[in-house]
Amino acid sequence: MTLQELRALRIHRQHLTAPAEALTVVRDLCGLQCQFLSCALHALRIRTGQPFSPEGLVKNWTLRGTVHLFAESDLPLFLSHDGRQTIAEDGFHHWRTGALLIAPERYRRFCETVLAQVAQGNDTRAGLKEACAAEGMTEKEADAFFDPWGGGLRDLCQRGLLNHRLQEKKAFMPCPPFTPLPEDDARQELLRRYMFHAGPATLRDASYFFAWPQTELRQRMERLGAREVQVDGGRCFFLGDLPGDVPDAPACVLLAGFDQLLLSYQKLDGVFLDAEHLRGIFSLAGIVHPAMLLRGQVAGRWQRKGSRVTFQPFRVLSPKEKRSVTEAMERSMDDVKRVAWD
C-alpha cells in the first residue's frame, strides 16, 4: 500500500468521504475531542453533512484525560469501570502526585453538596464554588476541588455521577444511571473500533491515541485478530476488509480544531502533516489548530471569529486550490460574511 492510498483509506474510514449519522460517527471514532464545543460540532458537520442535533449525545472526560463528545449509550464504555457510581471513600487526592488534598469526610460532604446543587439547577463552577464555601470549604480545598484539569468535578464526572452540559460555557448536569463495563472489556472494544475506523495504523499511532503502552496494545491486537499491511516499508494493522473502491482524498477538507483525523496518529510520523509545519498545527500550548487538508496533506490552517474566516496557507496555493478551499468552507459553515487570506 502506498502512502497516498493510506491517506485516502484513513480519510474514508473516518467518515470524511463516507458521511454517516452523528451517533454512528461518534461511536466509530471513540468520541470527538471537545475542549471547545465548536470544534467537535465542526468535526461532526464535515462527517455528517447535517446540522447539529444533541439527541443521544453527552460530553464528559474520557480518553487521554480530555473531554469528549460521545454517544450516551457509550457511557458504560468510558466511565466508572470499577462498577460503582459512588463518591470516593478515601477523600480527594492530587491527580498526579497522589497527595491527599481533602479528607474523606469533608470530600464526601462537598461532593454531596455539588450533586444536590446540580440536581436543583445550580450547575456552573462559580455557583457550585459558592455553595461549597457556604458548607465550610477552605480556599485551599476550593483550589483542589475546582482545579479545571484534575479537580473534584472531574472526579465526579469520571465516576459517572456528572456530565458536562452540551454547551461552550462550563456547566454540569446529572449523569443518567448505567451499568459500566469491566475495564478490560471496555479497552478491548475501544481498540476494536479504532482498528476498524482509524486503521491501518501503527502501534505508535494507537499508543499515541489511547496513551496506552505498546506492549498492551500488541497483546490486545492479537486477541482481536488484527491483520497487517505494509505501507512504505512500515507495518500497519487493521480490522475488517479493506475496500477496493475508496475515493481519492478530497480536493479540500477543512478539519476541525483537535480533529480526530490528526489525533488518531502519531503526529511526528508525517502521514498527513509534514514535520516542518508541525508547530503550525500542534502548538506548544497543547492547542491543535483547524487544518486545511488538500488532497490528503495539511497545507495550512484556518480560523473563524464570528462571521469572518481567515485562511493561513503554509505554501502558495494555486487559484484552483483556493477555489476548493472556498467550496469546502461553503459546504461546512453557515453565515460566513468575510474571508481573508494571510
Handout entry: Within residues 25-38 or reaching into it, pairs that qualify as side chain to side chain donor-acceptor pair (under 3.5 Å) - sequence neighbours excluded
Key =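 Listed by first then second residue: His15-Asp28, Arg27-Ser73, Asp28-His197, Gln33-Gln35, Gln33-Arg64.
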
Check whether any side-chain heavy atom of [X] lies under 4.5 Å from a side-chain heavy atom of [Y], and answer yes or no.
| X | Y | answer |
| --- | --- | --- |
| Leu101 | Lys140 | no |
| Ser332 | His42 | yes |
| Tyr265 | Thr202 | no |
| Leu16 | Pro250 | no |
| Val118 | Asn122 | no |
| Glu141 | Arg106 | yes |
| Leu261 | Val253 | no |
| Arg159 | Leu79 | no |

[atom1]/[X] to [atom2]/[Y] distance, rounded to the nearest 0.5 angstrom?
| X | Y | atom1 | atom2 | answer |
| --- | --- | --- | --- | --- |
| Thr215 | Leu217 | OG1 | CG | 8.0 Å |
| Cys34 | Trp61 | SG | CH2 | 11.5 Å |
| Cys111 | Leu156 | SG | CG | 4.0 Å |
| Met221 | Arg227 | CE | CZ | 14.5 Å |
| Cys132 | Phe145 | SG | CZ | 5.5 Å |
| Asp232 | Leu6 | CG | CG | 9.5 Å |

Hphob cluster co-occupancy, [X] + [Y], side-chain heavy atoms under 4.5 angstrom:
| X | Y | value |
| --- | --- | --- |
| Leu242 | Val246 | yes |
| Leu239 | Leu77 | yes |
| Ile46 | Val309 | no |
| Phe178 | Phe70 | yes |
| Val67 | Trp95 | yes |

Whether the side chain of [X] engages the backbone of [Y] through a donor-acceptor N/O pair (distance < 3.5 Å, no angle test) should be reported.
| X | Y | result |
| --- | --- | --- |
| Gln266 | Leu268 | yes |
| Ser283 | Gly280 | no |
| Thr48 | Leu44 | yes |
| Glu168 | Leu37 | yes |
| Arg13 | Gly199 | yes |
| Gln260 | Gly31 | yes |
| His164 | Val58 | no |
| Lys129 | Thr124 | no |
| Glu222 | Gln219 | no |
| Glu5 | Thr2 | yes |

Practice task
Evaluate the criterion side chain to side chain contact (heavy atoms under 4.5 Å, CB included) for residue pair Arg187 and Glu216; output intermediate values, then yes/no.
Solution key: CA-CA 10 Å; Arg187 288 197 171 208; Glu216 175 187 346; 2.8 Å; yes

Look at atom [atom1] of [X] and say whether more than 12 heavy atoms of other residues, nucleotides or ligands are closer to it than 6.0 Å.
| X | atom1 | answer |
| --- | --- | --- |
| Gln4 | CD | no |
| Glu55 | CD | no |
| Arg96 | CZ | no |
| Glu139 | CD | no |
| Glu189 | CD | yes |
| Arg279 | CZ | yes |
| Asp274 | CG | yes |
| Asp90 | CG | yes |

Salt-bridge criterion met for [X] and [Y] (N-O under 4.0 Å):
| X | Y | answer |
| --- | --- | --- |
| Asp74 | Arg193 | yes |
| Asp123 | Lys169 | no |
| Glu112 | Arg108 | yes |
| Arg220 | Asp184 | yes |

Practice task
For residues Phe311 and Trp341, establish whether the separation of their ring centroids is below 6.0 Å.
Solution key: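 Ring centres of Trp341 and Phe311 closer than 6.0 Å.
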
Exercise for the section: Give a yes or no on whether the ring-centroid distance for Tyr194 and Phe210 is below 6.0 angstrom. Expected result: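 Between Tyr194 and Phe210, the centre distance is under 6.0 Å.
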
Handout entry: Single hit among Leu293, Leu255, Leu3 for side-chain contact (heavy atoms from CB on, under 4.5 Å) with Phe272
Key =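 Only match with Phe272 under side-chain contact (heavy atoms from CB on, under 4.5 Å): Leu293.
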
Problem - Charged tip of Arg154 within 45° of Trp149 ring normal and under 6.0 Å - result: no

Problem - Steps toward salt bridge (charged side-chain N to carboxylate O under 4.0 Å, His left out) verdict (Glu321, Arg295) - result: CA-CA 10 Å; Glu321 288 176 320; Arg295 297 295 180 193; over 6 Å; no

Exercise for the section: Using the salt bridge (charged side-chain N to carboxylate O under 4.0 Å, His left out) rule, take Asp335 and Arg304 through it: C-alpha gap first, then chi angles, then the decisive distance, then the call. Expected result: CA-CA 11 Å; Asp335 301 323; Arg304 178 166 185 173; 5.5 Å; no

Practice task
Decide yes or no on salt bridge (charged side-chain N to carboxylate O under 4.0 Å, His left out) for Arg109 and Glu105, but give the supporting numbers first.
Solution key: CA-CA 6 Å; Arg109 183 201 312 172; Glu105 65 279 3; over 6 Å; no

Practice task
Report the C-alpha distance between Leu203 and Phe237 in whole Å, list the side-chain angles of each, state the deciding distance to 0.1 Å, and finish with yes or no for side chain to side chain contact (heavy atoms under 4.5 Å, CB included).
Solution key: CA-CA 8 Å; Leu203 278 171; Phe237 301 90; 4.3 Å; yes

Practice task
Output, in order, the C-alpha distance, side-chain angles, deciding distance and verdict of side chain to side chain contact (heavy atoms under 4.5 Å, CB included) for Val288 and Ile281.
Solution key: CA-CA 5 Å; Val288 184; Ile281 299 297; 4.1 Å; yes

Exercise for the section: Using only heavy-atom distances, determine whether the side chains of Asp269 and Tyr208 contain a donor-acceptor pair under 3.5 Å. Expected result: no

Practice task
Given salt bridge (charged side-chain N to carboxylate O under 4.0 Å, His left out), test Asp259 with Arg47 step by step and report yes or no.
Solution key: CA-CA 11 Å; Asp259 197 272; Arg47 290 170 167 86; 2.7 Å; yes

